[in-house]
Structure formats: C-alpha cells, structure tokens
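Position 1 is the first residue of the sequence; numbering continues from there. Side chains are part of it too, since the values below use all heavy atoms of this structure and drop only hydrogens, waters and symmetry mates.
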Amino acid sequence: MSSFNTHRRRVYDEGLPTRVRHTNMRSCLVRFAPYGFRATYHHLCLSAGIPKNPEKDPSSLVRAVEELNEARQLWLADERAFANNRRADKARGFRQVKADESWRGWQRGWGNIAYCPEPTMHPDEPLPVVVERVLRSSVLPDEAPALTCRVCGIQDNTSAWHDGAYRIHQLCRECGVSLAVRRADARDPLLATGHARQRKEIWRPRNESPR
C-alpha cells in the first residue's frame, strides 16, 4: 500500500487526470481520517470547496489534502512524543501503559481521534484546529470522560445514533463526535440500508452519476 506522502504528491501532479488526483486525495484518508473515512471526506469537500465535478476546480483537491496533512503532522508529532515516553518508561522498568487524561483512551480506531459515525455530522472548524484541541485535551478518569466531548468541552449533551446493525453511539449534539458506544439490542435493516445508501453517496466520486 502506498504511503500518505506518495498519494499527497500525486494530488499535486497536474500531469495526472483530475479523477486520478481525486482518488489519491481520498486514498490519503486510509492513512489518516480524524472523523472516520466518510465524515472526514465530507468535511474536506465542504472546507476545501470540492465541486460536484472536481474537473471544475482541481486546486480544491490540493487545498483538501493540505488541510488533512497539516492535521496529520500534529498527530504524528504526538505519536512520536508518546513513543519516546513509552521507551523512557520501559527503561525505568514500567511496562504497563499508565492511565492518564489524554485522548488515547477515547479514540475509535487508528487515527480516528474524533470519530463521527454519521458522516454528515462533524465539527466544522478546520481539521488542524480540532485535532490540536483533542490532542491537548485533558479529562480526569473520574469525570466520566466518555460523556465529555474533547472537541466541544461539553458534558452530558448527547443523542443516540443507531448504525442499524450492532452499535448505538452517543453523539455530541454540538459536533456529532461519538462519545460512547454500546451494543444494540436488535438490528434495524431499513435503517442500515439507509445508512449504507448515504455512505455510498458521500464516498462515490462526486462527478459520477448513481448506478
């Protein structure tokens, strides 16, 4: 699999067809997607102004990948600092990861530091602003951190969102970030179908017609 930076360089390559540059911009999300693949892509479409047909504004793809890259650099710096601290702890004989107040116990998957399962509900600030805020956030373990939004700082203001299959998320009402998740008692096939249709609509190249 190609690296983030390889795909990023291809987005800049004006010698490539726009659809290829568009595909490479989205491939960057495999490596880093703070809100999840589709929610992050939806955010970038709005923030970078990617038109329905990217051919009309190829530079919007560059704006999108640079916003994503700036946020990723913040995350990578945090990852490096964490790795250095872990090595230092192990050298002192502390093998167990220390419980702390950071975002690491809150993330939902690799690089999803503010996961938004409903792809059209996500923070509207620039990605670097949100990512830096989450990385610097601090929530004490005895303050029920799962119900404290590290993006908004709001507590106990959630709404339930059923994925139609196995999970029910408690979403922050202000920004759509998942603050907690539990197993659903029953599946809802119609709801799952609707969610799947929405995800395909968002993820499909925006200059293609539905099949």
* Is the shortest heavy-atom distance from the side chain of Asn157 to the side chain of Leu147 under 4.5 Å? -> no

* Could you verify whether a donor N or O on one side chain and an acceptor N or O on the other, from Glu67 and His43, lie under 3.5 Å apart? => yes

* To do: Would you kindly confirm whether Val62 and Leu127 end up in one hydrophobic cluster when ILVMFWY residues are joined by side chain heavy atoms under 4.5 Å apart?
  => yes

* Asked: Can a salt bridge be assigned to the pair Glu132 and Arg136 using a cut-off of 4.0 Å between side-chain N and carboxylate O?
  -> yes

* Asked: Regarding Gln170 and Ser178, is there a side-chain donor-to-acceptor distance under 3.5 Å anywhere?
  -> no

* Checking side chain to side chain contact (heavy atoms under 4.5 Å, CB included) for the pair Asp13/Val20: CA distance, chi angles, key distance, verdict? -> CA-CA 10 Å; Asp13 188 348; Val20 174; over 6 Å; no

* Smallest separation among heavy atoms of Tyr35 and Tyr115, with atom names -> O-CD1, 3.5 Å

* Structure fact -> Rounded to the nearest 0.5 Å, the CG atom of Leu135 sits from the CG atom of Asp78 at a distance of 4.5 Å

* Hey, any chance Ile168 and Val181 share a hydrophobic cluster, counting ILVMFWY side chains that come within less than 4.5 Å of each other, even indirectly? -> no

* Asked: His42 and His122: side chain to side chain contact (heavy atoms under 4.5 Å, CB included), yes or no, with the steps?
  -> CA-CA 9 Å; His42 186 265; His122 46 71; 2.8 Å; yes

* Asked: Do you reckon Leu76 sits in the same ILVMFWY cluster as Val131, going by side-chain contacts under 4.5 Å, direct or chained?
  -> yes

* Ile113 side chain reached by Trp75 side chain, heavy atoms, under 4.5 Å -> yes

* **Contact check, side chains of Arg133 and Glu125, non-hydrogen atoms, under 4.5 Å** => yes

* Asked: Is Glu14 paired with Arg21 through a side-chain N to carboxylate O contact shorter than 4.0 Å?
  -> no

* So do the side chains of Phe4 and Leu68 get within less than 4.5 Å of each other, counting heavy atoms only? -> yes

* Could you state the interatomic distance from CD (Glu174) to OG (Ser159), rounded to the nearest 0.5 Å? -> 10.5 Å

* Do you know the tightest heavy-atom contact between Pro117 and Gly176? -> CD-O, 4.1 Å

* Structure fact -> Taken to the nearest 0.5 Å, the spacing of Cys45 SG from Lys52 NZ works out to 11.5 Å

* To do: Go through the steps for Arg10 and Ser2 under the test side chain to side chain contact (heavy atoms under 4.5 Å, CB included), then give the verdict.
  => CA-CA 11 Å; Arg10 290 171 182 165; Ser2 298; 3.9 Å; yes

* Check: Ser60 and Pro51 side chains under 4.5 Å, non-hydrogen atoms -> yes

* **Chi angles and distances behind the side chain to side chain contact (heavy atoms under 4.5 Å, CB included) call for His195, Trp161** => CA-CA 11 Å; His195 290 332; Trp161 185 86; 3.5 Å; yes

* To do: For residues Cys172 and Cys152, report the shortest heavy-atom separation together with the two atoms involved.
  => SG-SG, 3.9 Å

* Asked: Should Glu55 and Arg19 count as an ion pair when the cut-off is N to O under 4.0 Å?
  -> no

* Structure fact -> Value for CZ (Arg199) from CD (Glu118), rounded to nearest 0.5 Å, stands at 10.0 Å

* **Connected via hydrophobic side-chain network under 4.5 Å: Val129 and Leu74** => no

* To do: Quick one: closest heavy-atom pair of Ile50 and Pro54, and the distance?
  => CG2-CG, 4.3 Å

* **Check: Pro119 and Gln198 side chains under 4.5 Å, non-hydrogen atoms** => yes

* Asked: Is the shortest heavy-atom distance from the side chain of Thr148 to the side chain of Leu179 under 4.5 Å?
  -> no

* Establish, from distance only, whether the side-chain atoms of Arg63 and Ser59 form a donor-acceptor pair under 3.5 Å. => yes

* Asked: Taking atom CG of Asp185 as the centre, does the number of heavy atoms from other residues, nucleotides or ligands within less than 6.0 Å exceed 12?
  -> no

* **Any side-chain heavy-atom pair of Leu191 and His162 under 4.5 Å** => yes

* Structure fact -> Taking every heavy atom of Asn24 against every heavy atom of Val11, the minimum-distance pair comes out as C-CG2, 3.8 Å

* Residue Tyr166 excluded, over 12 heavy atoms near OH under 6.0 Å -> no

* Apply the side chain to side chain contact (heavy atoms under 4.5 Å, CB included) test between Val177 and each candidate in Val130, Val151, Val134; give the one that qualifies. => Val151

* To do: Heavy atoms only: give me the nearest Ala165-Arg187 pair and the separation to one decimal.
  => O-CG, 3.4 Å

